[in-house]
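Below you'll find the structure, written out as structure tokens, and then a few comments.
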Amino acid sequence: ILTVAMLLTAVAFVGCGKKTTMESAKANLDSAFECDMKMVYEDTEFGGRLKRIESGVWEASFTSPDSLDGLVLSFSGNDASASYKGLSFTVPKKALPVKSILTNLMTAVDTLAEGDELSGYEEDGMMKITGENETGEYVLDIDMKTGFISLFEMKNLGVTMSFENAVTGTADYKLGETAAESFSTEPCEPVTEIVTTIAG
């Protein structure tokens, strides 16, 4: 009886959290892609488009809220540049606060993309990966059908990001372009305060 009980307990534990690997997810993480993003931070919701060109080279363009519509943040190497309807400037990436939401996501994805394969737990069609960086613990969900990121959450920062409609970038993918066309901008006023609001 004791032996049977132990076997049943072991089976129950295995069934509760099935470990899974997914090489297709690794392939998509380590490629150029872009997707719609929605970020909920404290009591504010942000919307826009996120793009990964290669490791360490990313771009985020915002469409909401209205105060951020048209803002584009580009990350390349040790620098981060911001543009807003014609105005652009570059600041050292290390000058951004360590709790920057975007850099936490980008660092997590780039680090995972460097590995030989990904491993996590399957739940509702997603592979859930848990990790930790210098800011705290995070959870990254990857859609097991498409291999693209679906959700990024850091509870200690009070932030949740979700992603949809991902597409793979073209061979000449670069900053400032979507998969199909270039971003267009119009002259407007400076936005230093807006940039610091979302980038740290």
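Given the structure is predicted, the values throughout are model-derived calculations rather than measurements. Heavy atoms only: backbone and side chains are in, while hydrogens, waters and symmetry mates are out. In what follows, residues are counted from 1 in the order of the sequence shown.
Note that CG of Asp110 and OG1 of Thr103 are 11.0 Å apart. Values are rounded to the nearest 0.5 Å. Distance check: Leu140 CG to Leu29 CG gives 7.0 Å after rounding to the nearest 0.5 Å. Taken from CD in Glu54 to OG in Ser31, the straight-line distance is 12.0 Å, to the nearest 0.5 Å. Here the CD-CD distance, from Glu59 to Glu34, works out to 9.0 Å after rounding to the nearest 0.5 Å. With rounding to the nearest 0.5 Å, the separation of OG in Ser64 from CG in Asp69 is 8.0 Å. Atom CG of Leu157 and atom OH of Tyr41 lie 7.0 Å apart (nearest 0.5 Å).
Listed here is the closest heavy atom pair of Ser76 and Val57: OG-CG2, 4.1 Å. Closest heavy-atom contact between Ser61 and Val72: CB-CG2, 3.9 Å. The minimum heavy-atom distance linking Phe46 with Pro65 is given by the pair CD2-CD, 3.5 Å.
Counting only heavy atoms from C-beta outward, the side chains of Ile142 and Asn28 never approach each other to under 4.5 Å. Side-chain contact between Ser162 and Thr160 is absent, with no heavy-atom pair separated by less than 4.5 Å. Side-chain atoms of Trp58 and Leu102, non-hydrogen and from C-beta on, never get closer than 4.5 Å to each other. Put simply, the side chain of Ile101 does not reach to within 4.5 Å of the side chain of Met154, judged on heavy atoms. Between Met37 and Phe62, the closest side-chain pair of non-hydrogen atoms falls below 4.5 Å.
Put simply, Leu151 and Met106 are part of two different groups of oily side chains (I, L, V, M, F, W, Y) that touch within less than 4.5 Å, one to the next. Under a hydrophobic-cluster definition in which Ile, Leu, Val, Met, Phe, Trp and Tyr are linked whenever side-chain heavy atoms come within less than 4.5 Å, directly or via other members, Phe163 and Val139 are assigned to different clusters.
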Side chain to side chain contact (heavy atoms under 4.5 Å, CB included) assessment of Leu50 paired with Leu105: CA-CA 11 Å; Leu50 179 70; Leu105 166 69; 3.6 Å; yes

Step-by-step side chain to side chain contact (heavy atoms under 4.5 Å, CB included) determination, Glu45 to Lys38: CA-CA 7 Å; Glu45 183 175 307; Lys38 182 173 72 173; 3.3 Å; yes

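Taking Asp36 as the reference, Arg49 meet the salt bridge (charged side-chain N to carboxylate O under 4.0 Å, His left out) condition, with sequence neighbours excluded.
Surrounding CG of Asn156 are more than 12 heavy atoms belonging to other residues, nucleotides or ligands, all under 6.0 Å away.
Remark: the Thr107 side chain and the Asn133 side chain contain no N/O donor-acceptor pair separated by less than 3.5 Å.
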Which donor-acceptor pairs under 3.5 Å do side chains of residues 124-131 form with protein atoms, sequence neighbours excluded?
unit_1: Lys128; atom_1: NZ; unit_2: Asp141; atom_2: OD1; d: 3.0
unit_1: Lys128; atom_1: NZ; unit_2: Asp141; atom_2: OD2; d: 3.0

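Listed by first then second residue, pairs satisfying ring pair (Phe, Tyr, Trp, His ring centres under 6.0 Å) with a partner in residues 130-151 read Phe33-Phe148, Tyr138-Phe152, not counting sequence neighbours.
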